[in-house]
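Everything below concerns the one structure shown next.
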Amino acid sequence: MVVRVSTQTLHTEANIFKSINGEFCDGEERFTTIIEFSRYPDISLEPKFKFMSECELKIEIPDPEYEPPCTLKKNGHFIDMRSLKNIETIVEHPEPKMKFSLNVCKKSPKCDPDVSICQLLDDGRSTAISDVSSQRLLLKEGSLLIQGHTNEYRRFRLEFRLNLKCNWKATGLTNLVYVKPQQKGKRYSFSAESSVACVKLPINCLIRDPANDNFLYDLRRLYRGGNGWNVKNVTGGRIDISMCGPLRFSDSTTECAKQHSQVCLMKGGAINLGSIQKNIQVTAHDTVITSFTDGSACFVNGTERSYSTEIEFICKIQEDGPIVHDIIDECVYKIKWYTPIACAKNLPIGDDCRVTDMTGPINLNPMRQYQDRTHTLSPNSFLRFNLCGPLNKRCNNHTAAVCLVNGNTEHVLGRTNLTLVKNNEIISTIMKGDKCSGKMSELKINFRCNQFATPGGQVQVKIIRDFCDYEITVNTPTACSPMSFFDCKLYNGNWLYDLSPLMRHDANYEIKQAGLLYSLNLCRSVVRTNNAQCTAYAGICMKNLTEMHEKKSYISLGMINSDIDLKLDGADVVVEYKHGTLCPDDFSDRSSLIRFKCSTLEEGPKLLRKTACNHEFVWRTPEACGKNRTNPKMRSPPACIFADPVTKNTFDLAAINTIIKFERHNETFKVPICSNAFTYCTLNNGLNCTTLDTDFQLASSSNGPSILYSLFNRSCTDNIVNFVNISVSCEPTYSINKFEVGEITNCTQYADLKTQHVCSKDLILKSNEIISSKPEIVSQTENQDCTIPELNHFSLNSLGNLKIFSMSNNSLYVFNFDRKGDCNGLVCKDGLSMGPEVHLCPLTKIDDVESSVRLIYRSRMCLDDFFRSEILLKCDENSVPRIVKETDCSVVVHYPFKEVCTWFPQSGQLEVSSADSTGVAVGSSVGVLVLLALVGGGIIVFKKRGMQRNTSYETISSDKRRLYVYCKVKKLK
């Protein structure tokens with residue numbers, strides 16, 4: 001039994017713990033132990049024996065919450081500076097002439113009462129600088145500081161700082177000097193050396209990545225004990241190094257042993273290359289660096305320094321051990337250490353029963369129940385538990401999370417712990433309970449993802465030790481990472497392609513090839529496994545099997561979202577995943593395409609081809625053969641044929657392969673052309689989408705075909721859509737399908753679709769001839785270079801390619817400035833050339849007020865005008881390329897280009913005179929779009945002098961001019 005008593009005397013106060021009712025010591029009196037937790041300035045920091053009688057033992061130790069004056073507790077260890085209290089020092093400074101009396105943690109006899117540091121004046125008086133009561137110890141970035149002041153009011157106070165440097169051989173304070181400030185102030189700074197400043201705390205070998213704290217670097221396995229590791233590439237000696245633990249020495253009299261060295265050089269004697277760890281951090285290159293300082297004295301050109309060692313730990317699949325990389329000024333050793341132990345592990349930690357990793361957030365709180373759960377162990381015993389919270393009914397009158405009930409007795413197995421640790425597929429928490437068989441009970445709860453388990457989870461219990469330690473495994477869908485799904489059905493007329501049977505819920509399809517492992521799924525994002533730890537909603541996850549660094553080993557090849565649609569490409573069904581991990585080759589997002597081919601055998605997915613940023617897979621499967629819903633014997637889908645009554649030409653409308661999408665109030669409709677199914681979405685209680693059957697009728701007239709869809713059989717009221725009537729007409733100049741929503745009449749939504757797919761080839765060719773003869777577009781010679789004379793013939797070719805993605809209509813724009821693009825045109829949209837030919841040059845506008853240059857391209861016909869593309873080169877260094885305006889026939893792109901800032905004078909006025917002003921040369925700039933952008937750079941030169949006389953412009957305002965770009969013809973070889 002333990003009794004707690006509080007006592008207080010004149011100089012001390014203490015909490016006394018007294019144990020009573022021990023064993024009998026003399027037949028009548030029992031043994032008693034008294035522990036005093038004392039608080040007074042001079043208390044010993046080690047347990048102190050006070051006395052022992054025949055039946056009583058008394059011990060004194062410092063109160064755990066008490067820091068005696070002139071001490072500092074750091075990581076459970078005391079730094080004691082009280083040995084410096086009786087050292088009074090006079091410090092003299094020659095210029096300006098100053099004299100100080102300094103004592104640490106004690107009154108100085110030459111100063112005023114209760115003052116430890118003061119300035120001694122010539123007239124015998126003194127100026128107080130620091131009171132004894134104000135002095136505090138600080139350990140800041142490995143340096144030990146003593147600080148104090150004189151007055152509580154900051155406006156009037158003087159401040160004192162003593163920077164103590166480690167010197168293993170110093171006694172008391174040595175080399176104490178006044179540090180002259182750079183400017184006058186109220187702070188008096190001093191520096192000195194002392195052995196008590198050699199503060200050696202436990203080595204830190206655990207660090208999380210500040211850029212992503214899910215990743216943990218754990219270097220503790222580098223500790224070997226004994227002589228540690230032998231460092232390679234040492235000339236004329238031997239270096240032993242120990243990481244994450246002490247270096248052991250057979251001879252305790254050497255300098256390395258006395259100074260508790262972590263890095264010791266044996267070269268004609270022992271030289272300490274570093275004892276005290278100063279810092280440990282993760283670099284931008286995903287390596288870990290740390291240093292050991294305060295080694296033996298190192299003399300360079302008569303100047304005394306101390307040896308130190310800097311170590312960089314680099315992830316590698318094999319262990320190479322430490323190697324000397326460089327020696328700086330004979331005193332600083334640089335060591336590189338290639339080791340798999342320096343590879344970061346994905347070990348997220350979360351609180352409140354939540355955890356977030358690369359795959360997304362996981363919240364286990366829904367598993368907490370208002371009624372405690374039970375699990376039977378035997379006829380007479382069972383576990384009573386709750387998850388993510390305490391029991392609703394206390395266990396043996398204690399708050400707990402898990403209780404062992406054995407007959408009529410209860411035992412706490414685990415107290416509530418809401419901290420979660422995720423290691424690959426397992427999320428776990430560890431709880432401590434009551435004492436059992438001489439040790440505290442320990443309970444580990446593992447949560448595993450299982451899509452088919454009940455939300456409450458399937459519970460399995462395993463006994464680890466003597467009915468004291470248990471492990472509980474809970475299989476639950478709550479532990480699964482976030483998922484995304486898309487509709488895996490494609491309707492083409494009466495034909496249905498349903499790939500949903502290929503979806504897996506508990507595993508992924510895996511392809512192993514050339515050191516890479518591809519995990520993919522269909523109709524949903526990949527299942528989180530040890531081999532698939534990509535970001536949330538990844539459709540295909542690529543793992544580099546040769547990369548030990550988990551931060552770099554997983555790459556997403558495309559994301560899953562509800563807008564993904566299956567498409568027909570000839571006889572193949574294709575699906576494309578976009579917006580994967582950024583590809584460094586062209587700063588675009590990685591993407592992948594899966595091509596499903598009809599086959600009598602299920603072959604599974606295979607990698608067909610790949611580039612640095614794109615992958616294509618082929619999947620031969622019976623599910624890609626399609627099913628005719630009205631005539632199962634049919635093996636090929638019928639065409640949705642329109643016969644032009646005038647020209648007698650026939651057109652397959654199914655080849656349009658377009659989905660008509662429109663919204664009405666809280667309803668969204670997605671109707672594929674020539675399909676017997678459509679997607680219907682409502683916004684009631686969130687977005688809910690479903691695929692429904694529909695019938696359509698094809699009608700022909702001289703104006704073109706029309707398709708009537710029967711969607712619903714609802715009562716016809718205002719703004720209700722039960723039918724959709726789409727009129728399809730020929731427009732030979734359209735390279736894209738133009739869809740316009742009309743009015744609703746009698747519950748029928750009318751719409752117009754203009755497309756080339758119902759135009760004759762002759763009409764399309766004739767339209768192209770008309771476009772090419774437009775006077776606004778001047779045909780020029782091949783191999784031309786577009787330059788801007790106003791900007792000293794700056795070449796647009798040097799801009800490289802710009803790729804930018806439109807979020808409004810999921811289109812990809814490419815501007816082929818370097819004239820090497822895959823698309824046959826300078827401006828391309830979704831791989832289709834919008835013109836003009838790559839050798840034609842733009843109209844250029846320079847805006848001095850906005851500090852911008854606008855490039856305007858007019859190309860092929862679109863509706864009643866040309867397709868217009870504008871690139872706005874903007875003086876803006878803090879943004880990325882983006883589309884600022886977009887219509888069916890135009891696009892305006894904001895292109896931040898920091899060199900533009902140098903093209904304009906600071907006044908904002910562009911000088912057109914030919915005065916002899918100086919020129920400015922600016923290097924290339926790279927603009928990076930988070931989604932998808934690459935801008936190649938070139939040398940850009942702007943001079944305010946030497947304007948070409950043949951340059952014409954028209955004044956827009958006093959601050960704006962229109963300039964024309966001239967094409968400089970290169971000589972053909």
Side-chain angles (χ1 to χ4, degrees), residues 347-357 359-437 439-483 505-506 527-529:
L347 292 171
I349 294 180
D351 203 359
D352 192 29
C353 233
R354 306 168 190 260
V355 66
T356 300
D357 67 353
T359 63
I362 298 173
N363 181 10
L364 299 179
N365 280 289
M367 302 197 67
R368 172 162 170 74
Q369 298 183 1
Y370 293 102
Q371 184 175 357
D372 296 337
R373 303 166 64 180
T374 60
H375 182 86
T376 302
L377 300 175
S378 68
N380 297 321
S381 65
F382 61 92
L383 293 182
R384 184 162 56 87
F385 64 95
N386 210 334
L387 301 173
C388 291
L391 290 165
N392 296 290
K393 179 182 177 182
R394 293 163 67 89
C395 177
N396 194 23
N397 204 30
H398 293 287
T399 301
V402 182
C403 183
L404 172 62
V405 181
N406 193 356
N408 295 323
T409 63
E410 292 185 336
H411 178 82
V412 176
L413 281 184
R415 292 176 174 82
T416 304
N417 180 13
L418 301 182
T419 299
L420 301 177
V421 179
K422 179 182 174 296
N423 188 356
N424 290 325
E425 299 179 67
I426 300 176
I427 303 172
S428 62
T429 183
I430 296 178
M431 305 177 181
K432 297 290 185 180
D434 291 341
K435 195 172 183 179
C436 179
S437 299
K439 293 175 61 178
M440 302 296 291
S441 299
E442 183 173 285
L443 175 71
K444 183 176 183 181
I445 301 180
N446 299 320
F447 299 91
R448 287 180 176 269
C449 168
N450 188 326
Q451 296 284 355
F452 302 102
T454 59
Q458 299 170 350
V459 178
Q460 300 171 336
V461 177
K462 181 180 179 181
I463 301 174
I464 305 299
R465 176 181 68 91
D466 300 332
F467 294 93
C468 296
D469 295 347
Y470 287 78
E471 184 176 62
I472 298 177
T473 300
V474 184
N475 297 286
T476 170
T478 311
C480 298
S481 59
M483 295 168 289
H505 294 278
D506 55 352
V527 178
R528 185 186 68 209
T529 67

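Just so it is clear, the structure is predicted and the values come from calculations on it, not from any experiment.
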(request) Work out which heavy atom in H411 is nearest to a heavy atom in S441; give both atom names and the distance. (result) NE2-OG, 3.0 Å

(message) Please check if the number of heavy atoms outside R415 that lie under 6.0 Å from its CZ is greater than 12.
(response) yes

(message) If I take atom OG1 from residue T476 and atom CE from residue M367, how far apart are they, to the nearest 0.5 angstrom?
(response) 4.0 Å

(message) I need the minimum non-hydrogen distance between D352 and N365, along with the two atoms involved.
(response) O-ND2, 2.8 Å

(request) Taking T376 for its side chain and F382 for its backbone only, find out whether a donor-acceptor pair lies under 3.5 Å. (result) no

(request) Check G389 against A401 and note the closest heavy-atom contact, atom names and distance. (result) O-CB, 3.9 Å

(request) Please confirm whether the backbone N or O of K393 pairs with a side-chain atom of R384, one donor and one acceptor, at under 3.5 Å? (result) yes

(message) If we ignore hydrogens and angles and just use 3.5 Å, is the side chain of N406 paired with the main-chain N or O of S381 as donor and acceptor?
(response) no

(message) Return the SG to CD1 distance between C353 and I427, rounded to the nearest 0.5 Å.
(response) 9.5 Å

(request) Measure the spacing between CG of L420 and OG of S428 and express it to the nearest 0.5 Å. (result) 8.0 Å

(request) Step through it carefully: locate the ring centre of F385, locate the ring centre of H375, and say whether they are under 6.0 Å apart. (result) no

(request) Given salt bridge (charged side-chain N to carboxylate O under 4.0 Å, His left out), test D357 with K422 step by step and report yes or no. (result) CA-CA 8 Å; D357 67 353; K422 179 182 174 296; 2.8 Å; yes

(message) Can you tell me how far apart OH (Y470) and CD1 (I464) are? Round to the nearest 0.5 Å.
(response) 10.0 Å

(request) Would you check if L404 and L383 make a side-chain contact, meaning some heavy-atom pair closer than 4.5 Å? (result) yes

(message) Run R394 and T399 through side-chain hydrogen bond (donor to acceptor under 3.5 Å, both in side chains) and show every step you take.
(response) CA-CA 5 Å; R394 293 163 67 89; T399 301; 3.1 Å; yes

(request) Specify the closest pair of heavy atoms between L418 and C388, including all atoms of both residues, with the distance to one decimal. (result) CD2-C, 3.6 Å

(message) When you measure from the side chain of N475 to the backbone of F452, do you find a donor-acceptor pair of N or O atoms at a distance under 3.5 Å?
(response) no

(request) Determine the minimum heavy-atom distance between T478 and N363, stating which atoms define it. (result) CG2-O, 3.2 Å

(request) Calculate, to the nearest 0.5 Å, the distance between atoms CZ and CD1 belonging to R354 and I362 respectively. (result) 12.5 Å

(message) For R373 and V459: C-alpha separation, side-chain torsions, deciding distance, then whether side chain to side chain contact (heavy atoms under 4.5 Å, CB included) applies.
(response) CA-CA 10 Å; R373 303 166 64 180; V459 178; 3.7 Å; yes

(message) Any non-hydrogen side-chain atom of N386 less than 4.5 Å from a side-chain atom of N392?
(response) yes

(request) Search all heavy atoms of N417 against all heavy atoms of I430 and return the closest pair with its distance. (result) ND2-O, 2.7 Å

(request) In sequence, state the C-alpha distance, the side-chain angles, and the governing distance for L364 and L387, and then conclude on side chain to side chain contact (heavy atoms under 4.5 Å, CB included). (result) CA-CA 8 Å; L364 299 179; L387 301 173; over 6 Å; no

(message) Using 0.5 Å steps for rounding, measure from the SG atom of C480 to the CZ atom of R448.
(response) 12.0 Å

(message) Any salt bridge linking D469 with K462? Criterion: basic side-chain nitrogen under 4.0 Å from a carboxylate oxygen.
(response) no

(message) Is any side-chain heavy atom of P390 closer than 4.5 Å to one of R368?
(response) yes

